[in-house]
Amino acid sequence: MVVMKFSLKVTYGVIAFLGGVLASEMIFSIVFKADVFFGKWIWLISGLFVGLSFLRGNDSRRWIIWLKFVLIFFAGVFYFNGSFLQGDDRGGVKYYVGREVDWQVRVDGEVDVRRTGQKLTAMVDGLKGYVLLNLPKYPRYEYGDVLSVFGLLEEPFETEDFSYKDYLERYEVYGVMKNPRVRKVSSGMNNPFYKYIFFVKDIVQRRINILWSEPYASFESGLLLGARKGIPDKILEAFNITGLTHIIAISGYNISLVIVLVGAAFASVARKKRVVLSVIFIVVFTVLVGMSAAVVRAAIMGSIGLFALYFGRSTRVTLTLLMSALLMNLYNPKIITYDAGFQLSFAATCGIIYVSPKIEKWFVRVPEICGIREGLQMTIAAQISTLPIILFHFGRLSLVSPLANIMVAPFIPLSMAAGAIAFLVSLISNLLSQIFIGITWIFLEIIIQITLFCAAIPFASLDISGFDIILLLGTYTFLYIWLKEN
């Protein structure tokens with residue numbers, strides 16, 4: 001008689017469902033040659049039914065167990081495919097692609113203001129899905145504004161290397177309008193909570209711009225808020241070459257650093273109380289940076305990773321991580337396939353949980369002050385676990401990334417902490433805040449100079465073409481074997 005523990009059943013069942021979601025596009029393009037099979041909820045309910053029947057019984061035959069895993073896998077396949085809007089559905093935005101439209105829309109997210117314009121994600125009255133508006137920088141629009149727009153609705157572009165269409169569809173955005181004729185109808189409230197969040201974030205952003213000059217203001221905004229719009233292209237390219245882009249984009253790594261800083265600041269406090277304080281700071285930090293879907297996912301993943309370090313690695317941590325990924329993908333099944341940010345956050349969290357303990361002995365001589373050792377250890381662990389995904393999506397191998405990360409790692413939490421203190425003190429005393437502003441500037445300058453130095457090393461970065469799904473799976477298989485043997 002084959003008996004499988006309850007936790008293993010749940011773990012393998014979740015893996016099977018997520019694997020089906022991840023493999024759906026390939027299976028449909030090769031096997032079924034079809035676009036949509038019914039609605040996603042039919043397949044979700046079917047998968048839950050099979051999963052519950054699987055959990056309730058102790059099947060004595062191995063083939064029955066595998067059959068149920070296969071059924072759960074295909075429930076994930078059809079659930080993903082059923083999440084797309086059909087092209088001939090008049091109730092969806094997708095139907096109107098290629099046509100001139102005259103719509104009333106509502107801005108449904110934070111306005112992305114850039115040097116050359118602004119991007120708005122808007123929902124259309126009475127239709128499923130969203131539209132992306134590319135508009136001039138002025139006049140400015142805000143979250144909740146109701147607009148009347150007229151223009152051509154275009155399909156997002158696709159190239160051999162990148163599909164902007166797939167990138168947008170993960171957020172249910174099915175069409176793009178470039179410089180349509182726009183008239184503001186009203187300043188709608190929409191969700192007052194989010195409106196207040198975006199308002200506070202804008203105030204913090206403006207204050208940072210006053211405290212530091214460029215590019216330091218944009219760099220500090222990247223560290224604290226995930227906003228990197230004002231960073232010069234030369235420095236951004238240096239971050240790309242050295243594999244340091246993750247430090248200026250809110251990710252699980254940044255959330256992890258928040259917990260490390262809290263742990264260092266309250267080192268004398270009992271562990272359970274430090275965990276509570278960490279949760280509070282994560283919530284505050286997540287709200288401050290805008291509570292976008294990507295930030296919330298990063299907060300969840302980063303928290304799981306750090307809690308694993310605090311409480312030890314176990315099957316419960318693994319199950320918690322998988323259940324979090326499952327819930328996120330039930331909400332939006334496209335993120336596991338199209339959202340490189342989710343994939344990187346998930347992989348980085350796995351690195352923190354599984355790789356970090358294996359390489360702890362590498363950093364025994366690194367000082368523990370201000371969480372430097374822990375931060376460096378997590379950085380390298382995250383780099384190891386995310387490298388295959390970076391090669392798969394971006395085709396670039398940074399040969400200097402380990403060196404660059406080791407050199408800048410001690411200064412990242414210091415610059416974040418000093419910058420946050422400078423901001424808070426500036427609300428009370430401009431004179432006193434100058435001390436922390438100067439300290440922050442020193443840390444930021446050190447990071448920038450290290451980045452530029454490493455980027456200038458000959459052959460610092462190599463373009464890797466042909467890193468396909470087979471190599472991706474093979475690399476993670478090798479990493480899994482290494483973890484099992486060490």
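Values reported hereafter were calculated over all heavy atoms of this structure, with side chains retained and with hydrogens, waters and symmetry mates removed.
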Residue set satisfying side chain to side chain contact (heavy atoms under 4.5 Å, CB included) with I15, at least two apart, ordered chain then number -> T11, Y12, L322
Donor-acceptor under 3.5 Å ([X] side chain, [Y] main chain):
X: S385; Y: A347; answer: yes
X: E214; Y: S218; answer: yes
X: Q104; Y: L147; answer: no
X: D108; Y: M123; answer: no
X: S433; Y: V425; answer: no

Can you tell me how far the [atom1] atom of [X] sits from the [atom2] atom of [Y], to the nearest 0.5 Å?
X: I450; Y: E445; atom1: CD1; atom2: CD; value: 10.5 Å
X: N329; Y: F346; atom1: CG; atom2: CZ; value: 9.5 Å
X: T386; Y: Q343; atom1: OG1; atom2: CD; value: 11.5 Å
X: I437; Y: I442; atom1: CD1; atom2: CD1; value: 12.5 Å
X: T475; Y: F392; atom1: OG1; atom2: CZ; value: 11.5 Å
X: S426; Y: Q434; atom1: OG; atom2: CD; value: 9.0 Å

Compare all side-chain heavy atoms of [X] with those of [Y] and state whether any distance is below 4.5 angstrom.
X: I210; Y: R206; value: no
X: L133; Y: Y141; value: no
X: W103; Y: L153; value: yes
X: L152; Y: P180; value: no

Return the set of residues passing ring pair (Phe, Tyr, Trp, His ring centres under 6.0 Å) with W441 (not counting sequence neighbours), or none when no residue passes. Y216
Looking at every non-hydrogen atom in both residues, tell me the closest pair between [X] and [Y] and how far apart they are.
X: F150; Y: M177; value: C-CE, 4.0 Å
X: S415; Y: I447; value: OG-CD1, 3.8 Å
X: G419; Y: T440; value: N-OG1, 3.2 Å
X: F436; Y: A418; value: CB-O, 4.1 Å
X: Q118; Y: K137; value: NE2-O, 3.3 Å
X: A422; Y: L211; value: O-CD1, 4.2 Å

Please check if atom [atom1] in [X] has more than 12 non-hydrogen atoms from other residues, nucleotides or ligands closer than 6.0 Å.
X: E142; atom1: CD; result: no
X: K178; atom1: NZ; result: no
X: Y476; atom1: OH; result: yes
X: L431; atom1: CG; result: no
X: Y130; atom1: OH; result: no

Would the F443 and F219 ring centres measure less than 6.0 Å apart? no
